[in-house]
There are 4 protein chains.
Amino acid sequence: MKRNKPKYKQIIDAAVIAIAENGYHQAQVSKIAKQAGVADGTIYLYFKNKEDILISVFQEKMGVFVDNLQDIIKNESSSSEKLTQMIENHFQVLAKDHHLATVTQLELRQSNKEIRLKINAILKEYLALLDQILIEGMLSGEFNTTMDVRLARQMVFGTVDEITTTWVMSDYRYDLVALAPKVTQLVLNGLKA
Amino acid sequence: MKRNKPKYKQIIDAAVIAIAENGYHQAQVSKIAKQAGVADGTIYLYFKNKEDILISVFQEKMGVFVDNLQDIIKNESSSSEKLTQMIENHFQVLAKDHHLATVTQLELRQSNKEIRLKINAILKEYLALLDQILIEGMLSGEFNTTMDVRLARQMVFGTVDEITTTWVMSDYRYDLVALAPKVTQLVLNGLKA
Amino acid sequence: MKRNKPKYKQIIDAAVIAIAENGYHQAQVSKIAKQAGVADGTIYLYFKNKEDILISVFQEKMGVFVDNLQDIIKNESSSSEKLTQMIENHFQVLAKDHHLATVTQLELRQSNKEIRLKINAILKEYLALLDQILIEGMLSGEFNTTMDVRLARQMVFGTVDEITTTWVMSDYRYDLVALAPKVTQLVLNGLKA
Amino acid sequence: MKRNKPKYKQIIDAAVIAIAENGYHQAQVSKIAKQAGVADGTIYLYFKNKEDILISVFQEKMGVFVDNLQDIIKNESSSSEKLTQMIENHFQVLAKDHHLATVTQLELRQSNKEIRLKINAILKEYLALLDQILIEGMLSGEFNTTMDVRLARQMVFGTVDEITTTWVMSDYRYDLVALAPKVTQLVLNGLKA
DNA sequence: CATGAATGAGATTTCATTCAT
DNA sequence: AATGAATGAAATCTCATTCAT
């Protein structure tokens with residue numbers, strides 16, 4: 001399995017750095033290879049083509065979000081508490097890795113439709129977990145039982161995403177994680193029963 | 001003033017169509033020229049470069065949003081009512097022009113950081129009006145007076161934007177405007193005092 | 001019609017020279033462009049891709065053979081005389097243009113199957129004219145009336161082609177046209193009634 | 001001597017199959033190795049480089065033609081009879097092995113000048129035997145004593161080769177060996193005194 | 001004003017060959 | 001002897017922009 005070989009992750013990480021530092025369209029395969037400390041051709045032993053690198057980057061990194069969120073859901077806390085943790089986790093992961101934040105919020109969105117569709121498919125797993133929390137909260141009576149789950153999810157994700165993107169475009173000039181409580185409050189207010 | 005000559009708008013509209021039908025990266029200057037019924041070189045009599053076309057597209061089209069929102073603000077209605085109208089107007093304008101919706105929600109976001117920064121600058125006027133409504137609502141006691149206006153604005157815009165994008169990616173399969181009341185409710189809930 | 005613009009023929013001729021001097025695989029588009037005195041990109045205003053250049057080279061040059069052969073067939077001479085003229089013409093055209101001879105006999109044969117199939121299709125017109133001469137000669141009783149026309153044609157063409165290729169591989173060390181009478185004699189002997 | 005080790009022939013045969021099935025330009029060293037059931041690197045223990053494989057393929061396979069032709073020449077039959085047998089043998093060997101026919105008639109000819117010169121050198125042995133038959137026939141008075149032996153040989157080989165190639169390009173749709181008598185007749189007619 | 005032919009820089013990917021194990 | 005992971009050079013084609021007419 002290529003996915004477990006050390007060079008696989010090495011190239012993924014190099015891609016994040018290369019894209020963050022050069023921008024999506026200026027992150028040529030040769031730059032990624034150089035950053036990874038391998039020859040250009042080596043890239044193609046681990047990835048089918050450049051598109052495959054980009055999608056794999058998103059997939060591997062998104063995995064952290066999904067794994068964390070799955071842990072959060074398993075908690076015995078309330079749905080509100082879970083949503084609070086989700087937002088904080090989302091901010092924390094990105095605040096800890098500015099390169100990753102730039103790549104997911106700005107650079108990867110410049111990719112063509114085909115890649116974006118694949119990225120969206122990966123994102124769905126994360127959004128499904130978010131739906132789980134919302135539905136749970138509705139069943140328990142914590143959240144408004146008459147709301148449209150899909151719209152509610154889009155509000156939560158849209159809010160978190162917009163705030164993160166604005167933070168990245170500001171060049172990380174302020175503390176994203178510190179905003180979590182206020183963001184959570186706004187969002188929970190919108191959802192509450 | 002080039003902006004008022006007939007070919008200027010002709011090219012702008014051609015760009016929207018060319019981008020919507022071909023995608024951002026496949027909307028070459030020659031395609032825009034052909035769609036506009038002018039020679040490639042003619043484009044450069046009205047625009048400095050391709051970037052200038054794209055930014056102008058956003059600028060011209062954004063004008064409608066801003067004009068409508070200014071009218072809404074002048075109303076004598078409550079802040080909640082103004083926000084309600086803003087969301088409905090946002091949805092209505094895009095629901096009426098699928099080409100424009102595709103271009104602003106999907107295609108133009110594939111542009112590079114530089115263009116996106118300029119687009120954000122144009123967007124600011126719209127967001128400033130949104131801020132006005134929010135502040136007004138806080139002063140009047142309709143909205144939570146302790147909230148962070150910037151975050152609140154990002155929640156409103158992020159929600160509306162995410163819902164619109166999802167609708168575009170679904171190929172306009174449902175009625176966007178019909179969602180307005182529920183979206184408004186979610187958002188107003190989040191903001192309310 | 002691109003085919004009649006001066007640059008079209010200019011590029012075709014440049015391709016013959018570039019291929020003859022550098023070999024098929026070393027005749028990069030940039031070399032052809034340089035030889036033609038145009039920019040690389042200009043090539044693509046006249047040809048769809050590199051393959052299109054190569055096929056067009058063959059087509060344009062083969063045209064001379066076909067045109068000459070059509071004139072020969074219109075003569076009032078005997079079929080033997082026509083065949084004699086065909087062979088002499090074939091040798092003369094190639095003997096006059098060593099570059100062309102190298103390209104058709106050696107270099108163009110290194111192309112891939114797809115291109116070779118298209119080249120063969122072009123060649124068919126020439127071979128059809130040869131068939132005409134053979135059939136005419138059989139009907140008039142000059143040639144063996146029991147022979148298989150297809151095999152006879154393959155003998156004539158195979159002989160002429162092999163002799164030409166050998167001459168090219170010898171670096172044109174002898175006079176190809178001077179061989180025509182003897183070659184004709186061999187071939188006519190094979191065909192005679 | 002590497003030539004006698006089992007893996008040598010194994011690789012040669014694998015090369016014929018790989019080239020026949022994938023085409024000359026798509027028969028990468030790795031494909032030949034896979035077909036042979038050895039590692040890529042192993043190839044280089046038996047062959048200097050890829051060119052060496054191709055030339056060796058031709059050399060090894062040409063050996064059969066030469067051996068058969070030497071047997072034929074030793075016969076006590078007439079020169080016409082020997083030529084008859086030569087043509088039939090040529091057709092039979094290739095008709096029995098379609099892979100080999102494709103490789104020698106189509107694929108190997110896509111190689112560059114350098115390789116083709118080396119292939120021609122190998123072919124010379126076969127052509128020298130053909131010359132022997134022709135000279136013998138001239139001395140015995142069977143063949144035209146005034147003809148140019150070199151041209152006569154090129155006629156015979158050119159004819160046989162062209163007919164074989166046409167058969168291969170037709171996808172072996174008809175019986176090549178069945179053509180032998182008619183081909184022989186055409187050729188012998190051309191040569192006869 | 002308008003045209004459109006010409007320009008030329010720039011990047012992904014393949015594959016023969018090597019060499020440490 | 002055998003392996004196969006790693007190397008890295010090299011070429012087609014696109015497209016924003018210019019400028020002579």
Side-chain angles (χ1 to χ4, degrees), chain A residues 2 5-8 11 22 25-34 36-54, chain B residues 2 5-7 11 25-34 36-54, chain C residues 2 5-8 10-11 22 25-34 36-53, chain D residues 2 5-7 11 25-34 36-54:
Chain A
K2 309 232 151 172
K5 296 195 180 172
K7 277 196 183 150
Y8 178 84
I11 292 167
N22 299 284
H25 290 290
Q26 280 308 301
Q28 295 90 344
V29 171
S30 63
K31 275 195 189 135
I32 296 175
K34 196 171 189 180
V38 300
D40 293 17
T42 305
I43 299 274
Y44 292 87
L45 296 176
Y46 295 88
F47 300 91
K48 220 172 60 223
N49 48 37
K50 192 178 176 183
E51 178 180 322
D52 190 24
I53 308 175
L54 304 175
Chain B
K2 310 228 152 177
K5 299 198 181 171
K7 277 194 182 157
I11 292 168
H25 292 290
Q26 281 308 303
Q28 295 89 347
V29 171
S30 62
K31 272 195 191 136
I32 297 174
K34 196 171 186 181
V38 301
D40 294 16
T42 306
I43 297 273
Y44 290 87
L45 298 174
Y46 294 88
F47 299 90
K48 215 170 67 222
N49 49 34
K50 190 179 179 183
E51 180 180 320
D52 189 23
I53 309 175
L54 304 174
Chain C
K2 309 229 153 176
K5 295 194 182 172
K7 274 194 185 152
Y8 178 84
Q10 194 175 326
I11 292 167
N22 299 284
H25 290 290
Q26 280 309 302
Q28 295 90 344
V29 171
S30 63
K31 277 198 189 131
I32 296 174
K34 197 171 187 180
V38 300
D40 294 18
T42 305
I43 299 274
Y44 292 88
L45 296 177
Y46 294 88
F47 300 90
K48 220 171 62 223
N49 48 35
K50 191 179 177 183
E51 178 180 320
D52 190 24
I53 309 175
Chain D
K2 309 230 151 174
K5 299 199 179 169
K7 278 195 184 157
I11 291 167
H25 291 290
Q26 279 308 301
Q28 295 90 346
V29 172
S30 63
K31 271 196 191 135
I32 297 174
K34 194 171 189 182
V38 300
D40 294 16
T42 306
I43 298 273
Y44 290 86
L45 298 175
Y46 294 89
F47 299 90
K48 217 170 67 219
N49 49 35
K50 190 178 178 183
E51 180 181 320
D52 190 22
I53 309 176
L54 303 174

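Naming: A, B, ... by sequence-line order, numbering from 1 per chain.
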Item to check | Interatomic distance, B/Asp40 CG vs F/dC19 P [rounded to whole Å] | outcome: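 For the pair B/Asp40 CG and F/dC19 P, the rounded distance is 16 Å.
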Checklist entry - Roughly how far apart are C/Asp52 CG and C/Lys50 NZ, rounded to 0.5 Å? => result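 With rounding to 0.5 Å, CG (C/Asp52) is 13.0 Å from NZ (C/Lys50).
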Checklist entry - Within this structure, what is the CG-to-C1' distance between A/Asn22 and E/dA11, rounded to whole angstrom? => result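 In whole Å, E/dA11 C1' and A/Asn22 CG are 14 Å from each other.
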Item to check | Out of E/dA11, E/dT13, F/dT17, whichever nucleotide has its closest atom nearest the side chain of A/Gln28 | outcome: E/dA11
Next on the checklist: Which nucleotide wins on minimum distance to the side chain of C/Tyr44, given the candidates E/dT7, E/dT13, F/dT14?
Outcome noted: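 Closest of the options to the side chain of C/Tyr44: F/dT14.
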Checklist outcome for this item: In Watson-Crick or G-U wobble terms, with both distances under 3.5 Å, the base opposite F/dG8 is E/dC15
Next on the checklist: Rounding to an integer number of Å, can you tell me how far D/Lys48 NZ sits from E/dT17 C1'?
Outcome noted: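 One finds 14 Å between C1' of E/dT17 and NZ of D/Lys48, rounded.
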Checklist entry - With a 4.0 Å cut-off on heavy atoms, is A/Val29 in touch with a base, just the backbone sugar-phosphate, or nothing at all? => result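 Result for A/Val29 = base.
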Checklist entry - Relative to each other, are the rings of C/Phe47 and C/Tyr8 parallel, tilted or perpendicular (30° and 60° limits)? => result parallel
Next on the checklist: Would you compute the distance between atom CD1 of D/Ile32 and atom CD1 of D/Ile43 and round it to the nearest 0.5 angstrom?
Outcome noted: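 These two atoms lie 6.0 Å from each other.
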Item to check | Phosphate OP1/OP2 of E/dG10 contacted by A/Gln26 side-chain N/O (<4.0 Å) | outcome: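 No, because none of the side-chain N or O atoms of A/Gln26 sits under 4.0 Å from OP1 or OP2 of E/dG10.
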Next on the checklist: Could you tell me how far apart C/Gln10 (CD) and E/dA5 (P) are, to the nearest whole angstrom?
Outcome noted: 16 Å
Checklist outcome for this item: Note: for D/Ala39 and B/Lys50 on DNA chain F, the residue whose nearest nucleotide lies more 5' is D/Ala39
Checklist outcome for this item: Between A/Ala27 and A/Asn22, the two heavy atoms sitting closest are N-CB, 4.3 Å
Checklist entry - Now, which nucleotide makes the Watson-Crick or G-U wobble pair with E/dA20, with each of the two distances under 3.5 Å? => result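 Paired with F/dT3.
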Next on the checklist: Rounded to whole Å, please give me the gap between CD1 in C/Ile43 and P in E/dT7.
Outcome noted: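 In whole Å, E/dT7 P and C/Ile43 CD1 are 10 Å from each other.
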Next on the checklist: Please compare C/Asn49 and A/Lys7 by the position of their nearest nucleotide in DNA chain F and report the one closer to 5'.
Outcome noted: A/Lys7
Checklist entry - To the nearest angstrom, how far is D/Leu45 atom CG from E/dT18 atom C1'? => result 12 Å
Item to check | Between C/Lys31 and C/Gln28, a side-chain donor and acceptor under 3.5 Å | outcome: yes
Item to check | Spacing between B/Leu54 atom CG and F/dT17 atom P, to the nearest angstrom | outcome: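 Value for this atom pair: 10 Å.
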Item to check | Value in whole Å for how far the P atom of E/dT13 lies from CG of A/Asp52 | outcome: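 Distance check: A/Asp52 CG to E/dT13 P gives 10 Å.
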Checklist entry - Below 4.0 angstrom from OP1 or OP2 of F/dA5, is there any side-chain N or O of A/Tyr46? => result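 No.
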